[in-house]
*Asks:* 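The structure follows.
The analysis underlying the following values was restricted to heavy atoms, covering all of them including side chains, and did not include hydrogens, waters or symmetry mates.
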Amino acid sequence: MRKAVLCLSALCCLLLHSASVTAQSSTLQTISVDQIHAGMRGVAYTVFQGTKPEPMDVEVLGVMKNANRPKGDVILVRLVGTKPEYTGVVAGMSGSPVYFDGKLAGALAFRIGEFSKEPIAGVTPIAEMLEIDALDHRPAVDPQVANTAPQTSTPTSTPNPNQTGLQAYGNYLKPIDTPLAFSGFSEETLHRFGPQFAAAGIVPVMGVGSVSSNETQPEPLEPGSAVSAILVRGDMDIAATCTVTYIDPQRLLACGHPLMQFGSVDIPMNKAKVLATLPSPLNAFKIVSTTEPVGAFVQDRHTGILGMFGKNPDMIPVTLTIHGGPTTKEFHYEVLNNAKLSPVAMMATVFNALRGTNEYGEETTYRMNGVINVQGFQEVALQNMFAPTDNGQPAAALAAMMVGDRFGRIYDNPYDVPRVRAVKLDFDLVRERRWARLESVRTDVTEARPGDEIVVETVLRPYRGERIVKQIPIRIPTSTSKGPLRILVSDGDTLDRMRRGAPLLNRKLGLASTIALLNTEHANNRVFVSLLEADPEAMVADKVMPTLPLSVMNVMEGMRGTQEMVVLGDSSVNEASTPPLDYVVAGGQVLSITVK
């Protein structure tokens, strides 16, 4: 009975909220740009502290035609009042609704220059934002693969230091920054991966903030409320916050400019409260605490973002476990499913988790075992070992880059939509640098016959350790042609780079072939011996056809471009390796013998 009463009470509250929003949206009136002129006075709403939007007066300075895009006007206004004149135009204010005579004109979206002495802002007209709502009813591409082509710059990107003076001048009118709050991240993580987030389309504003998705916020969202888009949630959080412009029972519009302009997206949408607004001539911003989820953002367009209430976003659950300390540490979090940001978010979270333990040190080595579960396809295996390098890269960064590389290559295919369902990563921590250089290699024969077994002797020099000698037997195939035979002795990275040479770099494969190739790449804790014959080798998708006769190559020439075929100058006719070593191996050398 008690449960029924609670459910009925919750339903009544929901109906009352919907009714209030419906009443508000049904009476909404808008004003067009051609009705706005210099000298008009109105009011804008934003949250300076807490959850209640506060009014601030605005005065129109003029309308700038085509300032945002072709036929994209910007209403230039001055903010008037004690608070806006003290704080200026702050990061997180974008999306704040602006009204004239009770009619919605648009959203604060732009700031003018740096170190401004007056709070002057640009307003995106509401008619241009409502286009997003109309666009959302049309068929859209899958949000996971939308806008996968590289972008050199976006409206939220910072100016490139190499820009000319003329190019930099255009940035005097730029979108108000959206604070990207990292909760549970170290400063080194932010410095290391902040530029990569910016390259992916969103500029980290290193403000303070937090995410408490389990915290309820009874106050309903309204125009002027703070709202957050969640990139990562769980034991680590990344959230971007702006302001609600327009709301109805099904959806809301916010920001007045894009987050990343990815088009169709699927990003968690949460309520937020402002703990404080920090004034600063250089970087004023709102300190935000993100609270309970209310739906998902589904459109990220040029003039704003659109969120849908009640929608459950498709996130990637990650479990990361670290062994080797006094206790096993386990991290659980979710990452957004997006072709551009998922690889960067995975790199940042893996590095941050590894570096954030008390066991972490500059000499730490990691053994990684994990899987990426992709719906409908073979699992992607993640098995490797990482040690600090001489160029200063810590092992945690190398591990993070490998995980990010795998994600990037999974998403970077033009044929299949990757639906990543789960990621599991296990790290064994070793408190010393387990690294060894391939110092020398030799074989006691200079000539051999097809079918013979030869032994390659390798000498490894561990970091601050004694030399290790390993012998690797390998058989020469009976089909090997007479003449010179090269023997490549190397670490796994060198071997993979050779097999993924220039002809393979621009090859686009389907997801099944991509995953098959990823699972054949070599771990770097072994010494590999490869026999290379001077006959061409063809690769069709993920299949290898070594030592093809010239006549066969001529027949297969017509397959180029239809079967994703590439031809390499050497053929790998056999391969052998040591058992897994307790070292990361680095180096490569080539021997040569003659097959009689």
Side-chain angles (χ1 to χ4, degrees), residues 140-150 193 196-197 200-202 213 229-239 260 262-269 293 296-298 300 311-321 330-354 368-384 399-427 508-521 542:
V141 292
D142 193 293
Q144 297 171 35
V145 295
N147 295 288
T148 56
F193 295 101
Q196 297 189 48
F197 276 104
I202 188 165
S213 297
I230 308 297
L231 279 61
V232 176
R233 64 186 181 188
D235 291 334
M236 291 170 274
D237 305 283
I238 304 176
M260 300 152 285
F262 282 169
S264 295
V265 293
D266 192 16
I267 302 176
M269 179 173 70
F297 288 107
V298 296
D300 178 18
K311 186 180 186 304
N312 189 28
D314 185 22
M315 301 284 280
I316 302 172
V318 181
T319 300
L320 190 153
T321 308
E330 197 166 271
F331 300 88
H332 299 274
Y333 57 93
E334 293 180 311
V335 174
L336 83 164
N337 204 341
N338 180 273
K340 282 185 175 291
L341 285 176
S342 293
V344 184
M346 284 301 305
M347 285 192 290
T349 54
V350 169
F351 176 81
N352 189 67
L354 294 177
M368 180 177 72
N369 285 281
V371 293
I372 302 174
N373 186 293
V374 184
Q375 181 176 308
F377 295 89
Q378 180 184 3
E379 286 184 337
V380 180
L382 299 170
Q383 295 181 341
N384 222 329
M401 285 189 288
M402 178 186 171
V403 175
D405 171 74
R406 295 300 188 266
F407 263 81
R409 290 164 68 182
I410 287 170
Y411 280 109
D412 187 24
N413 83 90
Y415 304 110
D416 305 290
V417 177
R419 302 188 183 278
V420 181
R421 291 308 178 202
V423 179
K424 183 177 180 182
L425 301 171
D426 284 292
F427 289 92
K508 300 295 185 181
L509 301 176
L511 189 52
S513 296
T514 298
I515 292 175
L517 281 176
L518 290 175
N519 286 337
T520 60
E521 294 197 349
D542 58 305

*Asks:* In Å, rounded to the nearest 0.5 Å, how long is the span from CG of L336 to CZ of F297?
*Replies:*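 Rounded to the nearest 0.5 Å, the CG-CZ separation comes to 13.0 Å.
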
*Asks:* Distance from T349 atom OG1 to F331 atom CZ, nearest 0.5 Å?
*Replies:*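 With rounding to 0.5 Å, OG1 (T349) is 10.5 Å from CZ (F331).
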
*Asks:* Who are the ring pair (Phe, Tyr, Trp, His ring centres under 6.0 Å) partners of F351, not counting sequence neighbours?
*Replies:*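 Partners of F351 by the ring pair (Phe, Tyr, Trp, His ring centres under 6.0 Å) criterion, ordered by chain and then number, come out as F193.
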
*Asks:* Just wondering, do M260 and I267 contact through their side chains at under 4.5 Å, heavy atoms?
*Replies:*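 When only atoms from C-beta onward are counted, M260 and I267 do touch, with a gap below 4.5 Å.
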
*Asks:* How many angstroms lie between OG1 in T514 and CG in L509, if you round to the nearest 0.5 Å?
*Replies:*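 Atom-to-atom, T514:OG1 and L509:CG are 5.0 Å apart.
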
*Asks:* So which atom in A399 and which in F427 form the shortest heavy-atom distance, rounded to 0.1 Å?
*Replies:*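 Looks like CB-CE2, 3.9 Å.
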
*Asks:* Is any side-chain heavy atom of P268 closer than 4.5 Å to a side-chain heavy atom of P293?
*Replies:*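 The answer is no, as the side chains (C-beta and beyond) never meet within the 4.5 Å cut-off.
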
*Asks:* Closest approach of I230 and A239, non-hydrogen atoms and distance?
*Replies:*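 Closest approach of I230 to A239, heavy atoms only: CD1-CB, 3.6 Å.
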
*Asks:* Measure across A512 and F377 and return the closest heavy-atom pair with its distance rounded to 0.1 Å.
*Replies:*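 Taking every non-hydrogen atom into account, N-CE2, 3.7 Å.
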
*Asks:* Evaluate K311 against D266 for salt bridge (Lys or Arg N to Asp or Glu O under 4.0 Å), listing each step before the verdict.
*Replies:* CA-CA 9 Å; K311 186 180 186 304; D266 192 16; 3.0 Å; yes

*Asks:* List the atom of M347, the atom of G404, and the distance in Å for their closest heavy-atom pair.
*Replies:*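 Looking at all heavy atoms of both residues, the closest pair is CG-CA, 3.4 Å.
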
*Asks:* Contact between V350 and V318 at the side-chain level, heavy atoms closer than 4.5 Å - yes or no?
*Replies:*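 No. Closest side-chain heavy atoms not under 4.5 Å.
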
*Asks:* Identify the residue among V420, V335, L341, D405 that makes a side-chain contact (heavy atoms from CB on, under 4.5 Å) with M346.
*Replies:*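 For M346, the side-chain contact (heavy atoms from CB on, under 4.5 Å) check succeeds only for V335.
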
*Asks:* Backbone N or O of K340 within a donor-acceptor pair of the N338 side chain at under 3.5 Å?
*Replies:*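 Checked: pair present.
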
*Asks:* Does some side-chain heavy atom of V423 sit less than 4.5 Å from a side-chain heavy atom of F407?
*Replies:*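 With C-beta onward as the side chain, the pair touches.
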
*Asks:* Heavy-atom distance under 4.5 Å between the side chains of V403 and M368, does that happen here?
*Replies:*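 A side-chain contact under 4.5 Å exists here.
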
*Asks:* Taking the side chain as everything from C-beta on, heavy atoms only, tell me whether E379 gets closer than 4.5 Å to I372.
*Replies:*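 A side-chain contact is absent here, since even the closest heavy-atom pair is not under 4.5 Å.
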
*Asks:* What closest approach, in Å, do P418 and V374 show between heavy atoms, and which atom pair accounts for it?
*Replies:*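 So the minimum-distance heavy-atom pair works out to CA-CG1, 4.5 Å.
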
*Asks:* With rounding to the nearest 0.5 angstrom, report the CG to CZ distance, N337 to R419.
*Replies:*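 The distance works out to 8.5 Å.
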
*Asks:* Please determine whether side-chain contact (heavy atoms from CB on, under 4.5 Å) holds for the pair I410 and L511, giving the CA-CA distance in whole Å, both sets of side-chain angles, and the decisive distance to 0.1 Å.
*Replies:* CA-CA 7 Å; I410 287 170; L511 189 52; 3.9 Å; yes

*Asks:* I'd like to know if the side chain of N373 reaches the main chain of R421, judged simply by a donor and an acceptor atom lying under 3.5 Å from each other, with no hydrogens or angles considered.
*Replies:*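 Not confirmed, N373 side chain does not pair with R421 backbone.
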
*Asks:* Please examine the side chains of E521 and R406, heavy atoms only from C-beta on, and report whether any two atoms are closer than 4.5 Å.
*Replies:*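 Yes; the side chains approach each other to less than 4.5 Å.
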
*Asks:* Among T321, T319, L320, find the residue that satisfies the side-chain contact (heavy atoms from CB on, under 4.5 Å) test when tested with H332.
*Replies:*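 That would be T319.
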
*Asks:* For a quick test of reading the model, state the closest non-hydrogen atom pair linking V344 to Q196 and the distance between them.
*Replies:*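 Distance-wise, the nearest heavy atoms are CG1-CB, 3.9 Å.
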
*Asks:* For the atom pair CG (N519) and CD (Q378), what is the distance rounded to the nearest 0.5 Å?
*Replies:*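 Output value for this atom pair is 4.5 Å.
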
